[in-house]
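Just so you know, these numbers come straight off a predicted model, no measurement behind them.
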Amino acid sequence: MHRAAWLVLVAVLPAFAWSAEPETVTAERRDVALERRFEATLEAVRRATVAAEVSGTVEEVLFDVDDVVPAGAVLVRFSDTEPRARVDAAQGELAEARARLAQAEQEFARVSEIYDRKLVAKSALDAATAARDSTRARVAAARARLAEAEARLDKTVVRAPYSGIVTARHVEVGETAQPGTPLMSGLSLEHLRVAGVVPQGLVPKLREGPRAEIRLPGREPLALEALTIFPYADPASHTVTVRADLPPERTGGLFPGMHAKLVVEVGEVSRLLVPESAVVRRGELTALYVVGGAGRIGLRQVRLGDARDGWREVLAGLEEGERVAVDPVAAGVALKDQAGRRGQ
């Protein structure tokens, strides 16, 4: 009697150790966005080379390559001895012209009063009027020469047109520069855009305004509000350049020249999908736990496509309608239990 009871316990205990069948989901086809991917590059929207506007000797260069420059900061100073002397001379000319104008206006007022009393001829009034008008013209000319001299003096100090980073320095202290001589190159990291090329046949679809985004390794996709499509194609490759600005608040850590993928939705397509959480990755193996008839579990290698909002496309290795374990850990435990049961 005791021997029979012991045999019953041996037969029953393994059954309590078996794990329940893991939670599954049925693989099914769904309509998802059809995407086209193209190579793209990040570019700086603001990129410039600052050049000299006056001739002179470079006295000071305040920034170098890789320096961050605030907007309006002084980049280069030129010797200002000659321009400052011209400003002083123009100021003297203007002061003299104003003095002569004051004298001419007093003379005009005096002659006009005498003329009103019929004590001088009309020619005297005409002469006083001409003297007043000519001195007014001299004042205007002197004021213009002063403004020109001050502008020339101001151009001896070269400032940054916008905040950015210096990419190249073209002059050294002591060099003589002429108008148009490159001084410093830079770009802004605050305003970036992405540029890529697409086949010419895709342009009509792109002009309809499809959803587009760029993808970079290790970063969330960046949605693009609008695409700028160039109005001509490359005659050699028959491709068209497209470009889009990036949201300024999302450009942190990005730099011009970085490689990206331009992804454009051009329609819909049916794809076999499974939950992203169901995917098993072990080294180079990508697989799913597939639950078949009578709850039998098997680890099956599959080939996957894109991830889509928590789901993953299955390109090969799985058929529509098959059941896939949602939790790979629980499925792995259940598979071991089944193997142990078969061994017993």
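- Looking at Arg312, its side chain does come within 3.5 Å of a backbone N or O of Gly305 through a donor-acceptor pair.
- Put simply, OG1 on Thr156 and CD on Glu82 are 11.0 Å apart, with the number rounded to the nearest 0.5 Å.
- Rounded to the nearest 0.5 angstrom, Arg77 CZ and Glu60 CD are separated by 5.5 Å.
- Between Glu105 and Arg132, none of the side-chain N atoms (NZ, or NE/NH1/NH2) sits under 4.0 Å from a carboxylate O, so this pair counts as no salt bridge.
- Proximity of a side-chain donor or acceptor of Tyr162 to a complementary backbone N or O of Arg47 within less than 3.5 Å is detected.
- Other residues, nucleotides and ligands contribute only 12 or fewer heavy atoms inside 6.0 Å of the CZ atom of Arg100.
- With respect to Glu148 and Arg152, no salt bridge is recorded, no charged nitrogen being found less than 4.0 Å from a carboxylate O.
- Glu249 CD: more than 12 foreign heavy atoms inside a 6.0 Å radius.
- Salt-bridge formation is detected for the pair Glu43/Arg193: a Lys NZ or Arg NE/NH1/NH2 atom is positioned less than 4.0 Å from an Asp or Glu carboxylate oxygen.
- In this structure, the side chains of Gln91 and Glu150 come closer than 4.5 Å at one or more pairs of heavy atoms.
- Put simply, Leu315 and Val269 are part of two different groups of oily side chains (I, L, V, M, F, W, Y) that touch within less than 4.5 Å, one to the next.
- Across all their heavy atoms, Asp234 and Ala236 have their closest contact at OD1-N, 2.9 Å.
- Between Leu227 atom CG and Asp245 atom CG the span is 10.5 Å, to the nearest 0.5 Å.
- Put simply, the side chain of Arg46 never gets that close to the backbone of His191: no donor and acceptor are under 3.5 Å apart.
- Val291 approaches Thr24 most closely through the heavy-atom pair CG2-CG2, 3.5 Å.
- Counting heavy atoms from C-beta outward, Pro231 and Val240 have side chains that stay 4.5 Å or more apart.
- Distance CG/Leu101 to CG/Asp133: 9.5 Å, rounded to 0.5 Å.
- Separating the CG atom in Asp66 from the CD1 atom in Ile165 is a distance of 4.5 Å, to the nearest 0.5 Å.
- Around CD of Gln103, the count of heavy atoms belonging to other residues, nucleotides or ligands within 6.0 Å does not exceed 12.
- Atom-to-atom distance recorded for Arg243:CZ and Ile229:CD1 is 12.0 Å, nearest 0.5 angstrom.
- Each of Ile214, Val197, Thr41 was scored for a side chain to side chain contact (heavy atoms under 4.5 Å, CB included) with Leu262, with one residue passing: Ile214.
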